[in-house]
Number of protein chains: 2
Amino acid sequence: MARDTVTLRDVADAAGVSIATASRALTGKNRVSKATTAHVSRVAERLGYRVNVFGRALREGTDGAVGVIVPVISNPFYGQLVHSLEEQLREHSLELIIADSHGDVARERERLRMLVQRRVEGIVIVPSDASASLDAVAEAADDVPLVQLDRRVEEAPTDFVGVDNERGIALLVNHLGERGATEIVLVASDDTTSAGRERRAAFDREIARRGLPVLEPILDRFTLEFGLSAAGTIARSRPLPDAIVAGDDLIATGLITGLKRHGVVVPRDVMVTGFDGTMLADICDPALTTVVQPFDQIAAEAVRALLRRTKQRDAPAIYSRLAPALRESMSTARPLAPPDTPAPAGDDAQAS
Amino acid sequence: MARDTVTLRDVADAAGVSIATASRALTGKNRVSKATTAHVSRVAERLGYRVNVFGRALREGTDGAVGVIVPVISNPFYGQLVHSLEEQLREHSLELIIADSHGDVARERERLRMLVQRRVEGIVIVPSDASASLDAVAEAADDVPLVQLDRRVEEAPTDFVGVDNERGIALLVNHLGERGATEIVLVASDDTTSAGRERRAAFDREIARRGLPVLEPILDRFTLEFGLSAAGTIARSRPLPDAIVAGDDLIATGLITGLKRHGVVVPRDVMVTGFDGTMLADICDPALTTVVQPFDQIAAEAVRALLRRTKQRDAPAIYSRLAPALRESMSTARPLAPPDTPAPAGDDAQAS
DNA sequence: CTGTTAGCGCCTTCAA
DNA sequence: TTGAAGGCGCTAACAG
């Protein structure tokens with residue numbers, strides 16, 4: 001059973017100094033003689049002393065915990081994000097309290113309040129709704145440093161770190177263009193998420209810029225199921241487009257699986273691209289051409305923003321967009337050639 | 001700017017009662033008149049009072065947090081497990097502090113110590129190594145309620161909740177038998193995890209029981225990469241077996257992808273099964289026949305065990321095995337018939 | 001450089 | 001049923 005706890009008092013007594021000196025020696029913040037510091041440290045070590053987090057927290061006003069709220073932790077994309085965050089936070093000796101919002105605004109509000117009440121050092125959140133999340137997010141941000149991750153509520157004046165959706169979509173459309181595609185359809189998230197909005201806007205812009213035909217997008221949610229059903233819609237409405245740009249890897253994976261069931265062969269009949277670069281891209285068949293999010297960089301940047309705001313509550317809001325990288329794979333490996341430069345099949349090199 | 005905090009003192013003053021009465025009224029544990037309780041509650045409400053978690057924790061010795069340690073949160077299997085745990089814990093108003101061990105024993109020890117130091121209510125851990133994790137796990141279990149989940153260190157006398165591996169493997173081998181397989185190869189985890197050990201033992205037993213030929217297993221780790229490389233090994237060493245039982249969905253997915261690259265067609269040339277029932281099973285092509293773990297049940301049982309031990313530190317250790325369910329899919333949809341009963345192709349019904 | 005002292009906010013024993 | 005008071009463990013003035 002739990003060995004009895006040794007307190008600072010015990011250390012002080014054993015070391016023959018006052019409790020204040022012991023505290024100072026151990027935290028190292030204030031001036032204490034080298035000798036006593038060493039002595040106290042040794043005694044503490046010997047006694048197996050560990051600070052009582054609650055005592056310190058009560059005094060300091062916060063313990064070293066950061067709250068992270070994502071829609072669903074079981075989604076591999078958020079899994080990777082949380083994984084990277086955990087890594088970054090650990091390097092700063094911060095613990096990670098995790099909470100699922102289930103994509104539900106009420107639940108999200110409840111979790112935010114909980115984190116604020118626990119007086120976490122800060123909150124990292126992937127807001128579930130681009131507008132409906134506003135109140136709860138703003139309220140929380142008022143009480144504790146908060147950074148929005150990946151998605152954002154535009155109206156909430158908080159720090160934000162995420163991928164450069166515009167660049168990602170441009171990379172994909174450009175890639176498809178090189179592969180000879182002209183009729184490209186978007187199957188993505190509706191406007192409930194900022195990522196959905198931004199990717200759609202970027203897509204429209206890119207299509208317009210290239211003077212490609214404008215096809216009706218199919219929009220719903222970032223789910224496998226949606227991808228599956230969208231595949232049916234597309235398969236039934238022949239003629240097929242040259243390519244489909246999916247809102248994320250999950251949708252793309254659903255599309256590929258669904259198209260297969262309808263006898264449509266990817267990439268021969270239609271090319272498909274994803275977004276995120278999760279493990280799903282490697283698993284589905286054909287493997288998915290996608291843009292890979294720089295998970296570690298994003299997490300590092302988010303933590304940096306959080307710590308910065310901890311020190312300076314009223315610093316101007318950070319708005320950081322990190323560039324994704326194109327990863328070409330089989331789902332777009334079609335030997336179609338652009339008007340001028342014929343590209344050999346299976347060539348990994350990127351034509352310009 | 002954080003609105004200034006209202007404390008119990010404020011509530012008491014505003015309500016015209018002592019701080020003790022206010023406390024009693026709000027926690028509801030002790031006897032207070034109905035009237036004052038209502039009154040104090042109303043005042044607290046009006047003032048927007050929220051207990052200070054640290055004050056209470058300092059007093060009570062613990063805050064309402066539970067630590068969860070998994071090898072890698074980005075692995076969909078652990079993602080689902082954590083998701084279910086979060087759900088269960090929330091229902092008991094417990095927060096979830098998450099930590100990755102990265103499958104590394106030293107890291108695991110460090111995280112365990114951190115959780116103990118934070119005086120969490122309890123710890124749920126998927127130990128990374130069936131034997132090397134012993135010291136750290138036992139040490140932590142000595143200080144705080146701890147339940148092992150999914151995998152376990154046998155020597156550590158703690159509560160355990162996990163899937164019934166024996167039953168799962170039996171379901172799979174039986175299914176393959178019905179499909180006419182006799183030469184079945186195991187591609188799974190080595191003995192560093194209890195899940196690996198148990199599944200292997202169950203497999204050997206099942207093969208022996210049926211008098212099937214004993215083939216050399218290929219063992220390593222629960223990773224996609226291992227599945228990929230094992231596929232190469234198998235593809236090169238013709239003749240092919242009838243079927244492959246993979247240690248989990250990740251390995252199975254790697255196998256399927258790898259076999260495809262080597263021109264081996266699943267299930268025509270060889271059938272493949274998974275284990276866990278993660279989303280990967282639905283995504284890979286052909287979709288994976290696997291046994292589905294009852295995630296929610298497992299999580300619920302784990303939390304129940306934890307709470308039980310919170311109340312009674314010396315209760316006898318719980319050892320709970322929950323039954324998985326077979327989910328048949330395309331990766332074993334081969335119209336092979338057992339000697340006596342011919343089974344039609346694509347039949348979903350389970351022969352007995 | 002070091003010791004004394006005063007809380008941080010809360011719960012609970014002890015009295016009334 | 002209610003109030004007064006102590007103390008959980010820690011850190012940061014404030015003295016010396």
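Note that the structure is predicted; figures quoted are calculated from it, not measured. Only heavy atoms go into these numbers, but all of them, side chains included; no hydrogens, no water, no symmetry mates.
- For the pair B/D63 CG and D/dC8 C1', the computed distance is 14 Å after rounding to whole Å.
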Nucleotides 2-10 of chain C: protein proximity per nucleotide (B base, S sugar-phosphate only, - neither; heavy atom, under 4.0 Å): BBB-BBBBB

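- Heavy atoms only, all atoms of each residue included: A/R151 and A/F160 are closest at O-CE1, 3.5 Å.
- Between the CD atom of B/Q88 and the CD1 atom of B/I298 there is a distance of 11.5 Å, given to the nearest 0.5 Å.
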Check against salt bridge (charged side-chain N to carboxylate O under 4.0 Å, His left out), A/R107 and B/E87: CA-CA 11 Å; A/R107 175 76 149 255; B/E87 187 71 23; 2.8 Å; yes

Show me the donor-acceptor pairs within less than 3.5 Å that the side chains of residues 59-66 of chain A make with the rest of the protein, sequence neighbours left out.
residue, atom, partner, partner atom, Å
A/T62, OG1, A/R119, O, 2.9
A/D63, OD2, B/R118, NH2, 2.5

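- Using a 4.0 Å cut-off between charged nitrogen and carboxylate oxygen, B/R111 and A/E95 count as a salt-bridge pair.
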